[in-house]
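Input: a single structure, listed below in structure tokens.
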Amino acid sequence: MKGIIKMAERIKIEDLRPAEGSTGTKKRVGRGRSSGMGKTSCRGNNGEGQRAGRSSKRGFEGGQMPGYRQMPKLKGFKNFNAICTGQINVGDLANINNEEITLEYLQELGKVSSKAEILRVLGNGELTKAFTVKAGYFTESAKEKIEKAGGKAQLV
């Protein structure tokens with residue numbers, strides 16, 4: 001702490017300078033041929049840009065189609081907060097030989113995407129075996145078919 005105070009005491013206002021390269025001499029146009037910016041004063045020969053009071057729009061490229069208009073328009077958007085769900089039908093569960101069915105087990109078998117965070121069980125198909133199915137969502141028909149076959153539908 002003492003080192004910082006001592007260092008602050010040494011800085012004087014006359015020692016302060018702008019950062020190197022941040023300042024430069026002003027461009028003085030129209031001051032004769034020898035200046036390199038004489039005659040047309042860096043404005044070219046004739047036309048719109050030569051006249052006084054002319055200011056170009058942001059993104060103007062001299063009449064050429066601007067880059068922001070050449071780019072294709074984006075359609076839709078990607079929702080980064082979306083939760084990826086894995087869906088499986090009751091009919092697809094009939095081929096599985098495990099008593100307890102979870103999202104992790106179905107991901108190991110490759111029946112559901114590995115990116116899925118929640119399992120949704122849909123009611124398409126028939127079920128004959130009794131299973132304990134643990135999922136985040138069941139349709140009414142899926143829950144009915146699982147319980148009718150003697151199994152359990154548990155919400156996780």
Side-chain angles (χ1 to χ4, degrees), residues 1-27 29 42-44 47-51 53-156:
M1 195 72 180
K2 290 181 180 179
I4 294 171
I5 294 169
K6 285 182 182 179
M7 194 171 172
E9 291 172 357
R10 290 187 210 144
I11 296 173
K12 296 177 183 167
I13 196 147
E14 60 266 20
D15 295 335
L16 296 176
R17 299 276 179 269
E20 195 174 324
S22 66
T23 59
T25 54
K26 188 177 176 239
K27 185 187 211 180
V29 295
C42 304
R43 287 174 173 246
E48 186 183 15
Q50 180 73 22
R51 310 289 185 234
R54 184 256 186 188
S55 61
S56 63
K57 292 180 188 174
R58 184 176 58 209
F60 183 69
E61 297 182 15
Q64 172 179 300
M65 186 62 68
Y68 71 90
R69 287 188 60 198
Q70 290 177 17
M71 295 291 123
K73 290 179 183 168
L74 296 173
K75 296 203 167 63
F77 71 100
K78 179 155 178 69
N79 184 0
F80 294 106
N81 297 322
I83 297 170
C84 184
T85 59
Q87 299 176 352
I88 193 161
N89 282 307
V90 172
D92 298 331
L93 296 176
N95 304 331
I96 298 172
N97 297 326
N98 197 12
E99 293 176 11
E100 187 175 278
I101 297 171
T102 60
L103 174 64
E104 292 77 24
Y105 182 71
L106 291 172
Q107 285 174 336
E108 286 174 21
L109 293 176
K111 300 260 185 190
V112 176
S113 170
S114 60
K115 295 177 184 176
E117 299 172 38
I118 296 174
L119 180 63
R120 291 171 59 94
V121 182
L122 309 175
N124 198 3
E126 294 300 320
L127 192 62
T128 54
K129 297 179 190 174
F131 293 114
T132 301
V133 184
K134 294 182 178 179
Y137 177 81
F138 293 94
T139 60
E140 285 183 31
S141 59
K143 193 170 186 179
E144 198 175 284
K145 287 178 184 179
I146 291 168
E147 289 172 355
K148 188 178 178 184
K152 292 180 183 176
Q154 294 179 353
L155 286 172
V156 179

task: Could you tell me whether E14 atom CD has more than 12 heavy atoms of other residues or ligands within 6.0 Å of it?
output: yes
message: Is there a side chain to side chain contact (heavy atoms under 4.5 Å, CB included) between F138 and V133? Walk through the geometry before answering.
response: CA-CA 10 Å; F138 293 94; V133 184; 3.8 Å; yes
- line: Looking only at heavy atoms, the pair that brings S113 and Q107 closest together is O-NE2, 3.1 Å
query: Does CG in N98 sit with more than 12 non-hydrogen atoms of other residues, nucleotides or ligands closer than 6.0 Å?
result: yes
message: Within a 6.0 Å radius of atom CD on Q70, are there more than 12 heavy atoms belonging to other residues, nucleotides or ligands?
response: yes
- request: Check whether any side-chain heavy atom of V121 lies under 4.5 Å from a side-chain heavy atom of L93, and answer yes or no.
  value: yes
query: Taking C-beta and beyond as the side chain, do K27 and C42 meet within less than 4.5 Å on heavy atoms?
result: yes
query: Under 3.5 Å, is there a donor-acceptor pair between the side chain of K145 and the main chain of G91?
result: no
query: So with a 6.0 Å cut-off around CD1 of I83, is the heavy-atom count from everything else above 12?
result: no
field: Interatomic spacing from CD in Q64 to CZ in R69 - rounded to 0.5 Å
entry: 12.0 Å
- request: Could you tell me whether E144 atom CD has more than 12 heavy atoms of other residues or ligands within 6.0 Å of it?
  value: no
- prompt: Going from CD1 on I96 to CD1 on I88, what distance comes out if it is rounded to the nearest 0.5 angstrom?
  reply: 5.0 Å
- prompt: What's the shortest heavy-atom distance between S141 and G123, and which atoms?
  reply: OG-CA, 3.4 Å
- request: Indicate the atoms forming the closest heavy-atom contact of K111 with D92, along with that distance.
  value: NZ-O, 4.4 Å
message: For a quick test of reading the model, state the closest non-hydrogen atom pair linking S22 to A19 and the distance between them.
response: OG-O, 2.7 Å
message: Please give me the minimum heavy-atom distance between G59 and P66, naming the atom from each residue.
response: O-CB, 3.6 Å
- prompt: Out of curiosity, K143 NZ to L155 CG, how far, rounded to the nearest 0.5 Å?
  reply: 6.0 Å
Spatial distance of atom CG (L119) from atom CG (L103) [nearest 0.5 Å]: 5.5 Å
Nearest-0.5 Å distance, CZ of residue F131 to CD of residue E99: 9.5 Å
query: Would you find more than 12 non-hydrogen atoms of other residues, nucleotides or ligands less than 6.0 Å from R54 atom CZ?
result: yes
- request: Could you give me the CA-CA distance, side-chain angles and deciding distance for I101 and L106, then say whether side chain to side chain contact (heavy atoms under 4.5 Å, CB included) is met?
  value: CA-CA 7 Å; I101 297 171; L106 291 172; 3.8 Å; yes
message: Show the nearest heavy-atom pair for residues A149 and L127, with the distance to one decimal.
response: CB-O, 3.9 Å
